Protein chains: 2
Amino acid sequence: MPTQIRKTRQKDAIRAAFEEANRPLSTDEALVLAQKHVEGISVATVYRNISTLLEDGWLIAVEMPGGVTRYELSGKEHHHHFQCTQCAKVYELTGCAVQVKPKLPRGFRATGHEFYVYGLCADCSI
Amino acid sequence: MPTQIRKTRQKDAIRAAFEEANRPLSTDEALVLAQKHVEGISVATVYRNISTLLEDGWLIAVEMPGGVTRYELSGKEHHHHFQCTQCAKVYELTGCAVQVKPKLPRGFRATGHEFYVYGLCADCSI
DNA sequence: ATCGTTGCAAACTCTTTGCAGGATT
DNA sequence: AATCCTGCAAAGAGTTTGCAACGAT
């Protein structure tokens, strides 16, 4: 008998937060957004549910340099991320072409790369 | 009278650690290397001195996605960083050409970008 | 003898975990 | 009713800070 999973208001609120946001969310941001659906939802619950959603493959982690980890809906095609230097929000960048010619030291082997753009988002550009 | 600065064994040990390493160091790595010069040097001292060296402009912070901040000697020309997925050490990449054509959403303005390469360092490639 | 610096320990922040009560099936 | 899930509070990990003692000038 596989362990059963129950539907709760908190779980729904957290999933809704990510679906409504349209951008990667930190645990704090997810907490604030989820609290609009379920008042009094706790941080621990947000952390636990994000862990579960990561294991389920519903979310993936977005590691930002010098910042807390964000999470976004999985299943999107390859893309990079933009962080606003003013409000610190992170956005997805689609169709951002990057050409790399890494010159590695002798003996080094590259297996992947990450790329981040910084600047001002639309709200902060005003 | 400007605030005087004193020369201490701890301070020298921490600077030596960065000069000998030839790669960006985390506070932990700096602590371990500094302890080879001054036994019993404390974490607090490492943190405090790194802060001072940052203010002095002798060090600059290297923020790695999903990892602790590293610090490297300042004054080098523009370069990116390589992180070994095996030993987690960070190395500088010189002469790594990156061509970017970011397609930003309407109203967004880019001011900079960061680039990271992952793979196996020489020691871990064996 | 000053007073900058250090080491220790406490404080803080972010995240994880134990546990008892509450909610879903 | 069974047991998954939540909230609270305590516990960890990494970093910062207060304070008395140390030590460079």
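Because only heavy atoms are used, hydrogens play no part in the values below, and waters and symmetry mates are left out as well, while side chains stay in. So you know, we letter chains A, B, ... as the sequences are listed, proteins then strands, and number each from 1. Small disclaimer: the values here were computed from a predicted structure and weren't measured.
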Tell me the interatomic distance from A:Asn49, atom CG, to C:dT17, atom P, rounded to whole angstroms. 15 Å
If a protein heavy atom is under 4.0 Å from the base, mark B; if only from the sugar-phosphate, S; if neither, -; do that for nucleotides 19-25 of chain C going 5' to 3'. ----BBS
Donor-acceptor contact below 3.5 Å, side chain A:Lys101 vs main chain B:Gln99: no
Using the test salt bridge (Lys or Arg N to Asp or Glu O under 4.0 Å), find all partners of B:Lys76 that sit at least two apart in sequence or belong to another chain. B:Glu92
Got a sec, which residues hit salt bridge (Lys or Arg N to Asp or Glu O under 4.0 Å) with A:Asp12, two or more places apart in sequence or on another chain? A:Lys7, A:Arg15
Are any side-chain N or O atoms of A:Arg70 and backbone N or O atoms of A:Val68, one a donor and one an acceptor, separated by less than 3.5 Å? yes
By the ring-ring contact (aromatic ring centres under 6.0 Å, His included) test, which pairs, at least two apart or in different chains, include something from residues 105-126 of chain A? A:His80-A:Phe115, A:Phe108-B:Phe82, A:Phe108-B:Tyr91, A:His113-B:Phe115, A:Phe115-B:His113, A:Tyr116-B:Tyr116
When all nucleic acid strands are considered with a 4.0 Å heavy-atom cut-off, which category describes B:Asp28: base, sugar-phosphate, or nothing? nothing
Under the salt bridge (Lys or Arg N to Asp or Glu O under 4.0 Å) test, residues paired with A:Arg23 that sit two or more places apart: A:Glu29
Any donor and acceptor pair, going by atom type alone, linking the side chain of B:Ser74 with main-chain N or O of B:Ile60 inside 3.5 Å? no
note: B:Asp12, atom CG; C:dG4, atom P; distance rounded to Å ~ 19 Å
Salt bridge (Lys or Arg N to Asp or Glu O under 4.0 Å): which pairs involve residues 42-58 of chain A, sequence neighbours left out? none
Atom pair SG (A:Cys121) and CD (A:Gln83), whose distance is rounded to the nearest 0.5 Å: 10.5 Å
Selection residues 106-121 of chain A - residue pairs positive for salt bridge (Lys or Arg N to Asp or Glu O under 4.0 Å), sequence neighbours left out: none
Any chance you could pull the hydrophobic cluster mates of B:Leu53, using side-chain heavy atoms under 4.5 angstrom and chaining through other members? B:Ile14, B:Phe18, B:Leu25, B:Leu31, B:Leu33, B:Val38, B:Ile41, B:Val43, B:Val46, B:Tyr47, B:Ile50, B:Leu54, B:Trp58, B:Leu59, B:Tyr71, B:Leu73
At a heavy-atom distance below 4.0 Å, what parts of residues 66-74 of chain B sit against DNA chain C? none
Would you grab the first and last nucleotide of DNA chain D (5' to 3') that comes under 4.0 Å of any non-hydrogen atom in chain A? D:dA2 to D:dC8
Could you tell me whether the side chains of B:Thr69 and B:Glu63 share a donor-acceptor contact shorter than 3.5 Å? yes
Among residues 38-47 of chain B, which ones have heavy-atom contacts with DNA chain D below 4.0 Å? B:Ala44, B:Tyr47
With sequence neighbours left out, what residues match B:His79 under ring-ring contact (aromatic ring centres under 6.0 Å, His included)? B:His81
By the 4.0 Å heavy-atom rule, please label A:Thr27 as base, sugar-phosphate, or nothing. sugar-phosphate
